[in-house]
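Protein chains get the first letters and strands the later ones, always in sequence-line order, with residue 1 at the start of each. All values below were derived from every heavy atom in this structure, side-chain atoms included, with hydrogens, water molecules and symmetry-related copies excluded.
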Amino acid sequence: MKNKYQPAEFEKNWLEKWKKEKLNVFDPNSDKKKYYSLVELPYTSGDLHIGHWFAFTAPDVLSRFKRMSGFNVFFPMGYDAFGLPAENAAIKHKIHPKDWTMKNIETMTNQFQQVGTMIDWDWMTITCLQEYYRWNQWIFLKLYEKGLAYRGKAMSNWCERDQTVLANENIENGRCWRCGEVVVQKEVEQWFLKITEYAEKLIWPENPQVDWPAAVRAGQNNWIGKKEGVLIKHKAKDLNIEFETFSAFPAWLWADTYIAIAPEHPLVERLVAGTAQEKEVKIFVKKMKQKTAEQRLKEIDTKEGVFTGRYARDPFGGEDMPIWVANFALMDFGTGIIRCSAHDTRDYEFAKKYKIKLKEVVDRIDPDYPISAHGNRGVLKNSGPFAGKKVEENIEKIVDWIVKEKIGKRHFNYHIRDWSISRQRYWGTPVPMIHCPKDGMIAVPYENLPVELPYEVDFTPHGKPPLATNAKWLHVKCPKCGGAAKRDAETLDTFFDSAWYWLRYLNPKYEKGPFDLKRAEKFTPVDIYFGGAEHTLGHTLYARFFTKFFKNLGLLDHDEFALKRVQHGIVLGPDGNKMSKSKGNVINPDSAVAEYGSDTVRLYLCFMMPYEGTGPWSDQTIAGVNRFLTRVWNIFQSYSSSSNDKKLFIKLQKTIKKVTSDIKNIKMNTAIAAMMEFLNDWERNPGGISKDGSKKFLQILAPFAPFITEEIWRNVMKEKQSIHLSDWPKLERIIEEEIVIPVQVNGKVRNTIKISQDMIKDQKAVEKIAAAEGKVKKYLTGKTYKTIYVPGKILNFILL
RNA sequence: GCCGCGGUGGUGGAAUGGUAUACACGAAGGCCUUAAGAGCCUUUGUCUUCAAAAGACGUGAGCGUUCGAGUCGCUCCCGCGGCACCA
């Protein structure tokens, strides 16, 4: 009677034993080649979701594989522990955010340790601890020193529910990324980071040195939104007012007949002062300013505007251009002022509505091609020195001419805005600045760091920062004059925390700086970075920004922090919907483990779909994966090595090869499929593989199913040392005596033939066998033909 | 509108330009069993056919390149994701 596969019995034992044996202890001083495997640090929401497991399992498989392949693998873990949900939960449950967060970390860590990851928890980094956030403050001061952190008053995205500003990257469809509240525009004074200064450096080249998905690179480039064009200098008629407009389509400049200016533009007031239209314009501007960003966007289909009563001179020699305040002109794009023409749909519609004069400067080649379409087709007319010339061939020349004539200059316009980092909330890193009535804004001296986040505050939102409610904390002496001053009561955006955490992982207790430079030199850049697609525009962009900033400071020697980026998909509920408590379709990892064991859950998460995929949890498929492990268990229970079957041996070698390359390419699903195939063959001939071979099979399964393989390795194979420290099987040279190749007639497969290895290169001999056999013979009889032969691959007869 | 990624059986999904549908799920039939479950075996793209043999068709549509296309090129259609009155 053989033993049944009952993982619950041994999985717990191995967790304890591994801990005792220090299996997963990372040695930073090892001489082996390093491999830094990183997964985005999770937020401390409280409960470990099956999505966390999905995100971590494939990386864990890769990390284990790398360890068995002789690397010194660093696979750390930490928590993104600051942020609003903690504060909101605290308000709701009347518990302090810190206590809530730390309790959650404990729960999550306990759950995580059950899965059997090779994470070494001694390197755990928690962003809400002083030992971490003090270095946020240090980095902030460096940014401030370099002029990259500045205080600005600006119209900002404001979330009324969370009582805080939001960066553009934190807005999803006009709503707050955390709470879903509609974002409004509000003038707020706050801290910004000048990420725009790094815009050019953050643009991905076409063929980057690092391996990041095209979608991420395109998305970030899009967001940075670099546009090449010209800035045109303008003078208002009868007024001492100058302004500039941006144009990305220089060929249309001769067609422009009017000017549109954004309602919020500071020049509007000066322009309309004293005109007959002044009152009307002011009413319009006021109306526009009252609307939320979302309303503005919704209404923008209807072009609206008011004539200012003013004109601008046209540097291209056209008639004077009427200046209109228009709702479609956006303050934060270009200069906020637009030259408008008939060649743009939007400008055209507006002009038609208000009966503004238009003109065309392009003879269209294709009469059906719309007048308004952007593009560089057609022949110019009434375009100064370029009349009669083709648009597409003259764009550069037009720009040169504009520069030469001093009408304007070359200019690059960027879509990306500076990163708003201050949050008017409690649970975050205090901004290390002091406001002195006499000396103004003063940086907290480095030696006075950290500025501790006080425990005692009133963090219920009432429009002013919670930190300001702790008077003892708030009032300090000015570091410069010693007089009474106040601390900055704002906290940093949590994306600040996660923009450099992988460096802190390397030595979380390090006290001489934000991170240990020697370790960073040895272990960074990160070799592979796993995470969610939702961080394309936020987190990973900020992390790249910080990396480049650190390089400028001389702290790092590389431009990109991760050599490879892999983005995971989402595990949906069994009903195909996103898991949510309200839909009742949440899969609890703990109960899945209780039913099948960790190995099965791990294997299933790898097998169910590609890592990048998104799809539903299936109780049936996980049962199938469990069957596979049971069969593995069973074949080793009755295992006895006898003969070494040549076919099985070759199959095993091919399986090892496939699994090795699939793991490297994070294609865990096909790696598992290959092992299933091998087992199918093996079961037909259980004695056909040597002991050595069966051990190799266990080894390649080990990264996926660490428990069952260890159990068999040590208790059936009687090995002394852990399978996870064994050397990954090397490929043996295999010689197949016979190979099968398909035979085609006119490109259609009609037969397969077996040929011996030594015949492969002998085309004549292969042809002879193929032509004489089976259906092929019938097709070829009485015909003349030629052949295409790819040695060892395929033979194709083409009838002439 | 722009950018990116996709479209393959009943389902999840495999296929360095070389036997399309691996592997798994589901389904059908069988063995075992008093029975259920589990397990094992067989079948499973569509059509012609009682069946077999054989053949035709077949990777969103249509062209093209090629001895050979799911894969490469062009023109579309559809889906997903991101950005967007972007001047």
For this session: Could you check A:Val571 against A:Met608 for side-chain contact (heavy atoms from CB on, under 4.5 Å), going step by step and ending with a plain yes or no?
Result: CA-CA 9 Å; A:Val571 181; A:Met608 65 182 290; 4.1 Å; yes
Could you work out the separation of [N] and [M] based on their [atom1] atoms and round it to a whole Å?
N	M	atom1	result
B:A56	B:U49	C1'	13 Å
B:C74	B:U8	C1'	22 Å
B:U21	B:C86	C1'	45 Å
B:G6	B:G10	P	23 Å
B:G58	B:U19	C1'	15 Å
B:G70	B:C57	P	13 Å
B:U46	B:G9	C1'	10 Å
B:C50	B:U34	C1'	38 Å

For this session: Determine the interplanar angle of the A:Trp212 and A:Trp204 rings, folded into 0 to 90°, and report it as parallel if under 30°, tilted if 30 to 60°, perpendicular if over 60°.
Result: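 The arrangement is tilted - the two ring planes meet at 30° to 60°.
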Exercise. Taking NZ, NE, NH1 and NH2 as the nitrogens, is one of them in A:Glu40 or A:Arg565 under 4.0 Å from a carboxylate oxygen of the other?
Worked result: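 Answer for the salt bridge query: yes.
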Exercise. Any salt bridge between A:Arg217 and A:Glu206, counting N to O under 4.0 Å?
Worked result: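 Salt bridge absent between A:Arg217 and A:Glu206.
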Nucleotide paired to [N] in any strand shown, Watson-Crick or G-U, under 3.5 Å:
N	result
B:C50	none
B:U44	B:G26
B:G81	B:C3
B:C67	B:G18
B:U33	none
B:G9	none
B:U75	B:A61

If only side-chain N and O atoms of [X] are considered, is one of them under 4.0 Å from the OP1 or OP2 phosphate oxygen of [N]?
X	N	value
A:Lys786	B:C67	no
A:Lys793	B:C67	no
A:Asn669	B:A14	yes
A:Tyr779	B:G55	yes

Exercise. Base, sugar-phosphate alone, or nothing: which one does A:Phe797 contact when heavy atoms must sit under 4.0 Å apart?
Worked result: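 Answer is nothing: A:Phe797 stays at 4.0 Å or more from every strand.
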Exercise. Which is true for A:Arg750 with a 4.0 Å heavy-atom rule: it touches a base, it touches only sugar-phosphate, or it touches nothing?
Worked result: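 Touches sugar-phosphate only.
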Exercise. Mind telling me whether B:G9 is syn or anti, cutoff 90° either side of 0?
Worked result: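 B:G9: syn glycosidic orientation.
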Please pick, from [options], the nucleotide with the shortest atom-to-atom distance to any side-chain atom of [X].
X	options	result
A:Asn796	B:U19, B:C40, B:G18	B:G18
A:Gln620	B:A24, B:G26, B:C86	B:G26
A:Glu677	B:A22, B:A84, B:G12	B:A22
A:Lys748	B:C57, B:A54, B:C83	B:C57
A:His415	B:A24, B:C86, B:A87	B:C86

Exercise. Can you tell me how far P of B:G12 sits from CG of A:Leu605, to the nearest Å?
Worked result: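 These atoms are roughly 18 Å apart.
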For this session: On RNA chain B, check which nucleotide each of A:Ile798 and A:Lys303 is closest to and give me the residue with the more 5' one.
Result: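 The residue closer to the strand's 5' end, by nearest nucleotide, is A:Ile798.
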Problem set entry | Whichever of A:Phe333 and A:Gly613 has its nearest RNA chain B nucleotide further upstream toward 5' |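 Looking at the nearest nucleotide for each, A:Gly613 comes out on the 5' side.
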For [Y] together with [X], are the ring centres under 6.0 Å from each other?
X	Y	value
A:Tyr596	A:Tyr604	no
A:Phe530	A:His568	no
A:Trp682	A:Phe697	yes

Exercise. Would you say A:Lys353 has more than 12 foreign heavy atoms packed within less than 6.0 Å of its NZ?
Worked result: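 Yes.
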Problem set entry | Sorted by number, the residues of residues 214-225 of chain A with heavy-atom contact under 4.0 Å to RNA chain B |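 Residues of residues 214-225 of chain A under 4.0 Å from RNA chain B: A:Ala215, A:Ala218, A:Asn222, A:Trp223.
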Problem set entry | Over-ring placement of A:Lys303 relative to A:Phe350, 6.0 Å and 45° cut-offs |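 Geometry flag: not set, cation outside 6.0 Å or 45°.
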